[in-house]
There are 2 protein chains.
Amino acid sequence: MPGTRLDPIDRKILAELQADGRMTNVELAKRVGISAPPCLRRVRTLEEQGFIRGYHAEIDSRELGFEVQVFAMVGLQSQAESDLSAFEERCRSWPLVRECHMLNGEVDFILKCVAPDLSSFQSFLTGELLTTPNVASVKTSLVIRGAKDEPGVPFEVLEERLSKSA
Amino acid sequence: MPGTRLDPIDRKILAELQADGRMTNVELAKRVGISAPPCLRRVRTLEEQGFIRGYHAEIDSRELGFEVQVFAMVGLQSQAESDLSAFEERCRSWPLVRECHMLNGEVDFILKCVAPDLSSFQSFLTGELLTTPNVASVKTSLVIRGAKDEPGVPFEVLEERLSKSA
DNA sequence: CCCACAGGCGAAATATTATTGCGCGCACCT
DNA sequence: AGGTGCGCGCAATAATATTTCGCCTGTGGG
């Protein structure tokens with residue numbers, strides 16, 4: 001239902017839950033300015049309508065022993081739809097691959113990968129990715145350091161945009 | 001405190017909360033096989049020690065009106081540390097830029113951006129990113145479609161790894 | 001071998017929170 | 001006006017979170 005529009009309270013709810021997904025409902029209600037029951041009803045509705053896809057704890061991957069993060073640019077030999085989706089399906093089956101996006105331009109896919117160390121990434125690269133049928137080229141870039149990593153969407157931009165169109 | 005090792009219950013807690021960050025503590029306790037009070041204590045400890053950095057609702061950006069997602073590869077003129085961190089600071093101030101990673105290789109940074117539509121990304125690109133001092137080159141790739149987007153870390157890999165070293 | 005002690009657990013009690021049921025007010029027709 | 005649908009908040013109830021406390025276990029003296 002794309003006709004469903006969100007009012008300012010809904011957007012505030014989304015913004016608050018994006019920032020702190022474990023906030024209690026009473027706290028959330030206080031922040032958005034309504035009482036707890038309607039607030040909870042709104043949250044449930046937002047979940048059902050798919051605006052909220054889930055809740056996740058953000059884990060420090062380095063603390064957990066995943067020392068390296070790598071972007072891999074992948075080019076395929078064939079861009080036929082069946083070959084594209086076959087490659088995507090492969091990516092979904094690899095735990096080290098956390099993200100896979102199809103791109104325009106020279107490169108067909110970009111993959112974001114994590115691994116405990118360089119050698120385990122190397123073995124994934126040579127043993128899995130490079131041996132996958134239809135993979136023509138892979139260029140990898142190691143992440144030296146992370147400068148920003150914000151989950152989700154910029155609600156600031158959304159609000160700004162809505163105030164203009166009003 | 002890198003000496004702090006996690007036992008299997010802690011790892012299970014992290015895995016469960018990564019998968020569902022809003023799970024109640026009693027449900028979590030049931031799943032990891034201990035009672036609620038020690039479970040809650042463990043969660044608090046994991047939060048304090050930084051293994052858990054926060055909790056976030058996962059929002060459907062497309063439903064919210066962010067139609068385009070773009071990766072931007074940025075090259076700088078100077079790679080002096082002060083120039084690198086100046087650029088990183090810029091990235092942190094741009095809401096459209098959700099992630100910024102410094103890379104090895106030819107490209108200095110990769111940026112993941114979202115925008116409501118192509119034209120608003122274009123205006124960000126030409127009006128902000130390209131006019132930033134020290135930016136030498138920017139190559140952008142539009143995301144055609146997303147094939148995988150898993151938050152967090154692959155606990156499967158971690159467990160496998162631990163069972164081997166045991 | 002026995003004891004003191006630290007750490008982690010679970011049962012029970014208490015404080016908070018989530019959830020349900022209901023009546024009210026408001027906007028929108030007709 | 002009168003009717004209707006929607007969303008709110010109050011109040012009651014169910015569930016959960018959090019604190020308190022005593023028990024068990026493993027460890028390191030003495």
Side-chain angles (χ1 to χ4, degrees), chain A residues 1-60 63-65 155 158-159 162-163 165-166, chain B residues 1-60 63-65 155 158-159 162-163 165-166:
Chain A
M1 24 207 72
T4 320
R5 269 280 163 286
L6 299 178
D7 69 12
I9 294 181
D10 288 322
R11 293 197 302 273
K12 192 110 186 278
I13 288 175
L14 292 176
E16 293 289 346
L17 286 180
Q18 175 173 279
D20 178 4
R22 262 211 133 175
M23 189 180 302
T24 66
N25 183 59
V26 294
E27 173 65 19
L28 180 61
K30 196 179 312 172
R31 294 200 189 192
V32 304
I34 60 179
S35 65
C39 184
L40 187 60
R41 282 191 292 262
R42 279 167 179 264
V43 171
R44 296 282 180 258
T45 302
L46 290 168
E47 289 169 354
E48 283 163 17
Q49 290 182 329
F51 288 98
I52 298 177
R53 275 195 271 193
Y55 301 89
H56 307 283
E58 183 190 353
I59 307 294
D60 189 315
E63 287 270 357
L64 251 176
F155 280 93
L158 183 61
E159 296 300 337
L162 288 172
S163 65
S165 69
Chain B
M1 31 208 72
T4 320
R5 269 281 164 282
L6 299 178
D7 69 13
I9 294 180
D10 288 321
R11 294 198 301 273
K12 191 107 188 278
I13 287 175
L14 292 176
E16 293 288 346
L17 286 180
Q18 175 172 281
D20 179 3
R22 262 209 133 177
M23 190 181 299
T24 67
N25 183 58
V26 294
E27 173 66 19
L28 180 60
K30 196 181 313 174
R31 295 200 188 191
V32 304
I34 58 179
S35 65
C39 183
L40 188 60
R41 281 192 292 264
R42 279 166 180 265
V43 172
R44 296 281 180 259
T45 302
L46 290 168
E47 289 169 355
E48 283 163 17
Q49 291 182 329
F51 289 98
I52 298 176
R53 275 195 263 181
Y55 301 89
H56 308 283
E58 182 189 353
I59 308 294
D60 188 313
E63 286 270 358
L64 252 175
F155 279 91
L158 183 61
E159 295 300 338
L162 288 172
S163 65
S165 70

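Chain naming here is simple, since letters A, B, ... match the order of the sequence lines and numbering starts at 1 in each. All values derive from a computational prediction rather than experimental measurement. Every heavy atom of this structure was used, including side-chain atoms; hydrogens, water molecules and symmetry mates were not.
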Minimal non-hydrogen separation, G50(A) against D60(B), with atom names |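 G50(A) and D60(B) have their closest heavy atoms at O-CB, 3.4 Å.
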
Exercise: identify the closest heavy-atom pair between F155(A) and R11(A) =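 That closest heavy-atom pairing would be CE2-O, 3.9 Å.
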
Are any of the side-chain heavy atoms of L6(A) and L64(B) separated by less than 4.5 Å?
->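 L6(A) reaches L64(B) side chain to side chain.
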
Are the charged groups of R44(B) and E48(B) less than 4.0 angstrom apart, N to O?
->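 Salt bridge flag = no for E48(B) with R44(B).
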
Could you state the interatomic distance from [atom1] ([X]) to [atom2] ([Y]), rounded to the nearest 0.5 Å?
{"X": "I59(A)", "Y": "L17(B)", "atom1": "CD1", "atom2": "CG", "result": "7.0 Å"}
{"X": "E47(B)", "Y": "Q49(B)", "atom1": "CD", "atom2": "CD", "result": "11.0 Å"}
{"X": "T24(A)", "Y": "K30(A)", "atom1": "OG1", "atom2": "NZ", "result": "7.5 Å"}

Any donor-acceptor N/O pair, R31(A) side chain to I13(A) backbone, under 3.5 Å |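 Not confirmed, R31(A) side chain does not pair with I13(A) backbone.
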
Say whether, by atom type as modelled, one donor and one acceptor occur between the side chain of R22(B) and the main chain of G54(A) under 3.5 angstrom.
->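 Not confirmed, R22(B) side chain does not pair with G54(A) backbone.
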
Kindly calculate the angle separating the two end axes of the helix from dC1(C)-dG30(D) to dT30(C)-dA1(D), each obtained from five base pairs, and round it to 10 degrees.
->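 About 20° separates the two local helix axes.
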
Which of residues 16-32 of chain A sit near DNA chain C, with a heavy atom under 4.0 Å from it?
->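 Correct list: T24(A), N25(A), V26(A).
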
Applying side-chain contact (heavy atoms from CB on, under 4.5 Å), run through L46(B) and E63(A) and close with a yes or a no.
-> CA-CA 11 Å; L46(B) 290 168; E63(A) 287 270 357; over 6 Å; no

How would nucleotides 5-11 of chain C be written as a contact map, 5' to 3', with B for base contact, S for sugar-phosphate-only contact and - for no contact, using protein heavy atoms under 4.0 Å?
-> ----BBB

What's the CG-P distance between L40(A) and dA14(D), to the nearest Å?
->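 Answer to the nearest Å: 17 Å.
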
